[in-house]
Amino acid sequence: MTVLSGQRRIWLTGATSGIGMALARRLLAQGHRVALSARRREALETLARGYPNALVVPCDITDREAVAEAARDIDAAFAGLDLLLHDAGTCEYLDARDFDLALVERVMEVNLHGALKVVDAGLPLLRRARDAGGTRPLLAAVSSAAAYLPLPRAEAYGASKAALSHFLESLRIDLAGEAIDVSVIHPGFVETPLTARNDFAMPMRMDAESAADAILAGLERRSLDVHFPRRFTYLIKLLGILPPAVRLRLGRRIAGRRRATQAGAR
Ligand SMILES: NC(=O)c1ccc[n+]([C@@H]2O[C@H](COP(=O)([O-])OP(=O)(O)OC[C@H]3O[C@@H](n4cnc5c(N)ncnc54)[C@H](OP(=O)(O)O)[C@@H]3O)[C@@H](O)[C@H]2O)c1
């Protein structure tokens with residue numbers, strides 16, 4: 001059953017920026033009914049302007065009650081969901097010499113626990129659509145290629161995304177019997193406000209519009225693992241299965257190169 005044929009009922013988080021905003025523009029232009037979430041209401045309203053098929057449902061995904069309220073509003077308007085597309089996320093890099101527990105907790109709170117709150121609130125709406133017939137719902141979330149390979153300074157970000165990917169792959173197994181599919185999206189580097197803060201080279205970086213196209217094509221296939229750009233993600237996957245001693249040597253070399261780049265930039 002195609003994911004995006006006709007007019008689908010979709011909940012998209014992270015719609016105010018970067019990859020999420022590119023996805024929102026595509027989905028709204030295709031005529032789907034799209035519930036748009038992020039914290040910034042005004043940015044959501046600007047995005048929705050001119051689209052009667054848009055529903056603005058701001059929420060902070062770290063606030064369980066706010067997420068539940070957003071889901072109630074969506075259910076009242078759409079009576080179920082064909083696609084839950086969770087994109088919202090954050091990234092902060094750790095300096096392990098000055099270990100910052102608050103930073104690690106912030107990243108986990110958004111990327112892992114926030115995602116779980118969205119799944120908790122959205123799953124009943126997917127079930128409701130399935131029970132009404134005519135749809136095989138899809139739950140999809142944006143993880144990261146960082147989930148495949150531990151990288152320097154990515155202790156918090158990489159672990160939050162690896163945990164999310166692991167959680168969702170398990171969920172795919174358990175929801176298969178319920179006729180609900182799960183896709184996990186693993187992008188490489190994409191040009192967005194999030195990566196504009198990075199102070200290191202980002203190989204094979206792509207623009208947000210191309211990332212949105214790759215995501216929608218992957219969702220159409222209902223793939224468990226939607227990853228792109230392929231040359232980059234296959235390389236990272238390959239490095240991820242190398243023996244641990246080789247991975248560590250590689251990680252130390254990348255860390256050294258980044259320190260040299262940062263020192264040169266100062
Ligand atoms: N860019 C990349 O290279 C890359 C690579 C791999 C994976 N990813 C993942 O792709 C997703 C989107 O990243 P991006 O690069 O497009 O980042 P971005 O431009 O910073 O956008 C992040 C989005 O998440 C929302 N958000 C952040 N914290 C939130 C919270 N607590 N509650 C609700 N919404 C929140 C933001 O909206 P508000 O500020 O309005 O809340 C914004 O819409 C993230 O999950 C990221 O980890 C990105």
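What you see is a predicted model, and the numbers here were worked out from it, not measured in a lab. Just so you know, ligand 1 is whichever comes first in the structure, and atom 1 is the first atom listed for that ligand.
Considering backbone and side-chain N/O atoms, A145 never comes within less than 3.5 Å of an N/O atom of ligand 1. Note: no N/O pair closer than 3.5 Å links S144 and ligand 1 by distance alone. Below 3.5 Å of separation, one finds no N or O of T62 facing any N or O of ligand 1. The shortest N/O to N/O separation between R40 and ligand 1 falls below 3.5 Å. Between I19 and ligand 1, at least one N/O pair is under 3.5 Å apart. Not a single N or O atom of A38, backbone or side chain, sits closer than 3.5 Å to an N or O atom of ligand 1. An N or O contact shorter than 3.5 Å links Y157 to ligand 1 by distance. Any N or O atom pair closer than 3.5 Å counts here, and T16 shares at least one such pair with ligand 1.
Interface of A15 with ligand 1, defined as ligand atoms under 4.0 Å from a residue heavy atom, comprises 43 (O). Every atom of ligand 1 is numbered from 1 in the order shown, and the set under 4.0 Å from a heavy atom of F189 is 3 (O). The distance from ligand 1 to the heavy atoms of G18 drops below 4.0 Å at these ligand atoms: 16 (O), 19 (O). Taking a cut-off of under 4.0 Å to the non-hydrogen atoms of T195, the atoms of ligand 1 that pass are 1 (N), 2 (C), 3 (O). In summary, the atoms of ligand 1 found under 4.0 Å from a heavy atom of D60, numbered by their order in the structure, are 30 (C), 31 (N), 32 (N). Remark: ligand 1 atoms within the under-4.0 Å shell around heavy atoms of G89 are 22 (C), 24 (O), 27 (C), 44 (C), 45 (O). For ligand 1, the atoms sitting less than 4.0 Å from at least one non-hydrogen atom of V142 are 9 (C), 10 (O), 11 (C), 45 (O), numbered in the order shown with element in parentheses.
Taken together through direct or relayed side-chain contacts under 4.5 Å among Ile, Leu, Val, Met, Phe, Trp and Tyr, I10 and V56 form part of one hydrophobic cluster. One hydrophobic cluster, built from ILVMFWY side chains closer than 4.5 Å, cannot hold both L194 and V107; they sit in different ones. Residues F167 and V226 do not share a hydrophobic cluster, defined by chaining ILVMFWY side chains whose heavy atoms lie under 4.5 Å apart. In terms of hydrophobic clustering, with Ile, Leu, Val, Met, Phe, Trp and Tyr side chains grouped at heavy-atom distances under 4.5 Å, L175 and L138 are assigned to different clusters.
The side chain to side chain contact (heavy atoms under 4.5 Å, CB included) test with L139 is passed by exactly one of L171, D181, V184: L171.
With hydrogens and angles disregarded, no donor-acceptor distance shorter than 3.5 Å links the side chain of K117 to the backbone of A68. Checking side-chain atoms of R9 against main-chain N and O of R33 turns up no donor-acceptor pair under 3.5 Å. In this structure a side-chain-to-backbone donor-acceptor pair under 3.5 Å is present from N53 to L28. For the pair R247 (side chain) and L242 (backbone), a donor-acceptor distance under 3.5 Å is present.
A donor-acceptor contact closer than 3.5 angstrom links the side chains of S210 and D207.
Ligand 1 is never approached by G114 to a heavy-atom distance shorter than 4.0 Å. The closest approach between a heavy atom of C59 and any atom of ligand 1 is below 4.0 Å. At a 4.0 Å cut-off, not a single heavy atom of A43 sits close enough to ligand 1 to count as contact.
Residue S37 does not touch ligand 1, judged by heavy-atom distances below 4.0 Å. Heavy atoms of K161 found under 4.0 angstrom from ligand 1 belong exclusively to the side chain. Residue contacts with ligand 1 for A146 are absent, since no atom lies close enough (heavy atoms, distance under 4.0 Å). Residue V190 touches ligand 1 through backbone and side chain together, judged by heavy-atom distances below 4.0 Å.
One finds a salt bridge joining E65 and R72 here, because a Lys/Arg side-chain nitrogen approaches an Asp/Glu carboxylate oxygen to under 4.0 Å.
Here the protein heavy atom with the shortest distance to atom 19 (O) of ligand 1 is S17 OG, 2.5 Å. If you check which protein heavy atom lies closest to atom 14 (P) of ligand 1, you get T192 OG1, 3.6 Å. When only non-hydrogen protein atoms are considered, atom 39 (O) of ligand 1 lies nearest to R39 NH2, 3.0 Å. Closest to atom 26 (N) of ligand 1 among all protein heavy atoms lies A88 CB, 3.9 Å. Summary of contacts: the protein heavy atom closest to atom 7 (C) of ligand 1 is S143 O, 3.1 Å.
The number of heavy atoms from other shown groups lying within 6.0 Å of CD (E169) does not exceed 12. Other residues, nucleotides and ligands contribute only 12 or fewer heavy atoms inside 6.0 Å of the CZ atom of R253.
The aromatic rings of H186 and Y148 are tilted relative to each other, their planes meeting at an angle between 30° and 60°. Using the six-membered ring where Trp is involved, F189 and F232 have ring planes that are tilted, between 30° and 60° apart.
Contact check for S17 versus R40: side-chain heavy atoms found under the 4.5 Å cut-off.
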